[in-house]
**Q** 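Handing you a structure now.
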Amino acid sequence: MTVRVRFAPSPTGYLHIGGARTALYNYLFAKAQKGTFVLRIEDTDLERSKKEYEELQIEDLKWLGVDYDEGPDKPGNYGPYRQSERLDIYKKYAQSLVDRGLAYYDFCTDDELEEMRERALKEGRPPHYEGKWRNEEFFEEAANRLASGEKAAIRFKAPGKSYTLHDNVRGRVVFPENMVGDFILIRSTGLPVYNFCCVVDDIEMKITHIIRGEDHLNNTVRQMMIYEALGSGLPEFAHVSLLIGKDRQKLSKRHGATSVVNYKEESYLPQAIANYLVLLGWSHPDEKEIFDVNDLGTEFDATRFSKAAAIYDLEKLKWVNGMHIRALPLETLQKGIEEFIENDHFYFGQSEDWKKSAIELYKNQIEFFSDFQKRIDEDLLNPNVEVTDKLKDVLSWETTKQIHGFLDKKVKEQKSDFLSKDNFDSLFNELKTDLKIKGKQLFMGTRVCLTGHDHGPELGDLVPIIPKEVMQKRLSNIATLF
Ligand code: GLU
């Protein structure tokens, strides 16, 4: 059997991170099994579905590296891959169920249905359909009304028995009898409902495994009924755990952005998002936390899905992003960083050596490309002093005044725009040998005078990329604080 899986988004908004995770799982499973991955657009909700969202979702999937074998823009043997283009197929299937007495035409109005519902609730019964049209004696009347051009919904006759699902993640799930009443397959407008199209398509597209969120379990029982009625075996199901926030509530904007596009805009790396999402509800056989999802082959083993809800932790995602940034080749990193620096920024006026030194220095300290400019602005260009208790303490040392006097003179004498690494080393040595200052006094005094901060990167790497002019201003600002 060749594996065929699908991701079936509704184009009613941006690609959600939960959807992206489902897509990744299907993509990786197909890849591991040398199977086929289908993208199917579930756009039968004509009011909410927009072509624009379809395009944006596809763009975000591609950005994440999720590539599919068949889809609306990748013809295969089972198209069309947009449900709105398959309406005739659903009609044919629904008619076959009607012909076999497993579904019926229903002429009830919305008001009648609402009345039925209210009555059932008042009498403490489940609000199941109990209209007359399910009874065979009205089939003829139904046929006549249809023939005279009246519109009717096609409703499925729920068998009322219990169903048991053997889910690859959740195990044995029992749906009690009468849990579900008769439900609509095709509305009177001619538009089919999700549960029906989904099963028809999964059968027609020869889908073998369905990996999707646990929130779909309640749909599964309806879908099992339809598979049965259509005389088709079930695919294998894997309902993966829900994503929740740290407060164990349903994931929402409070826990961070929920659309992939937001992360793209915030300069997250696609490979970091993919890595992080895959780990929400699945674990690597070698317990690896940082990896390129494209390197996953047979390691992507569907028995490794977790049953427990997965906690979406933005801090962890940021950490993962930082780890992927550090793993980038320097040139790629530079290109990425430069996209997030303002066009007229100081950075672009500097030599290639300077740029490379700055990137080498900060690559271990940033979590996003966009952090880089912030660090340059603060560490290299802002002459203001950050007055903290620790800094005040350093300024109170006699040695710091000596260092200040020495550096103020030496920096002024400098001819070039920057102090070279060698220059800085020799100044540092002079402070040691001539002024006899050492250890903490030497390091902290020099740091405060030249950087205006009481902490920061290694001085030997940092000082050679601070413009002389900025150091001079910092030294003047420090002078006012003694
Ligand atoms: N269109 C459904 C959704 O977006 C697909 C569910 C399924 O995978 O069956 O949730």
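Numbering starts at 1 and runs along the sequence shown. All ligand and atom numbering here is 1-based and tracks the order in the structure.
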**Q** May I ask you to check whether Phe340 and Phe372 place their ring centres under 6.0 Å from each other?
**A** no

**Q** Taking only heavy atoms of Arg212, which atoms of ligand 1 are found under 4.0 Å from at least one of them?
**A** 7 (C), 8 (O), 9 (O)

**Q** Is it true that Phe37 and Phe7 have ring centroids separated by less than 6.0 Å?
**A** no

**Q** When you compare the side chains of Asp45 and Tyr194, does any donor N or O come within less than 3.5 Å of an acceptor on the partner?
**A** no

**Q** Could you check, using the six-membered ring where one of them is a Trp, whether Trp133 and Phe107 have ring centers closer than 6.0 angstrom?
**A** yes

**Q** For the rings on Phe237 and His239, is their centre-to-centre separation under 6.0 Å?
**A** yes

**Q** Is the closest heavy atom of Tyr194 to ligand 1 under 4.0 Å?
**A** yes

**Q** What protein heavy atom is closest to atom 5 (C) of ligand 1, reported as residue, atom name and distance in Å?
**A** Ala8 O, 3.1 Å

**Q** Using a strict cut-off of 4.0 Å, indicate which atoms of ligand 1 neighbour a heavy atom of Arg6.
**A** 7 (C), 8 (O), 9 (O)

**Q** Indicate whether any N or O donor in one side chain lies under 3.5 Å from an N or O acceptor in the other, for Asn294 and Tyr27.
**A** yes

**Q** Looking only at side-chain N and O atoms, does Tyr68 offer a donor or acceptor that is under 3.5 Å from a partner on Asn26?
**A** no

**Q** Only heavy atoms of Cys198, strictly under 4.0 Å: list the atoms of ligand 1 that pass.
**A** 9 (O)

**Q** I need the atoms of ligand 1 closer than 4.0 Å to a non-hydrogen atom of Glu42, numbered in the order shown.
**A** 1 (N), 2 (C), 5 (C)

**Q** Below 4.0 Å from ligand 1: does a non-hydrogen atom of Gln223 turn up there or not?
**A** no

**Q** Nearest to atom 10 (O) of ligand 1, what protein heavy atom do you find, and at what distance?
**A** His216 NE2, 3.0 Å

**Q** Which of the atoms of ligand 1 are close to Ser10, meaning less than 4.0 Å from one of its heavy atoms?
**A** 1 (N), 4 (O)

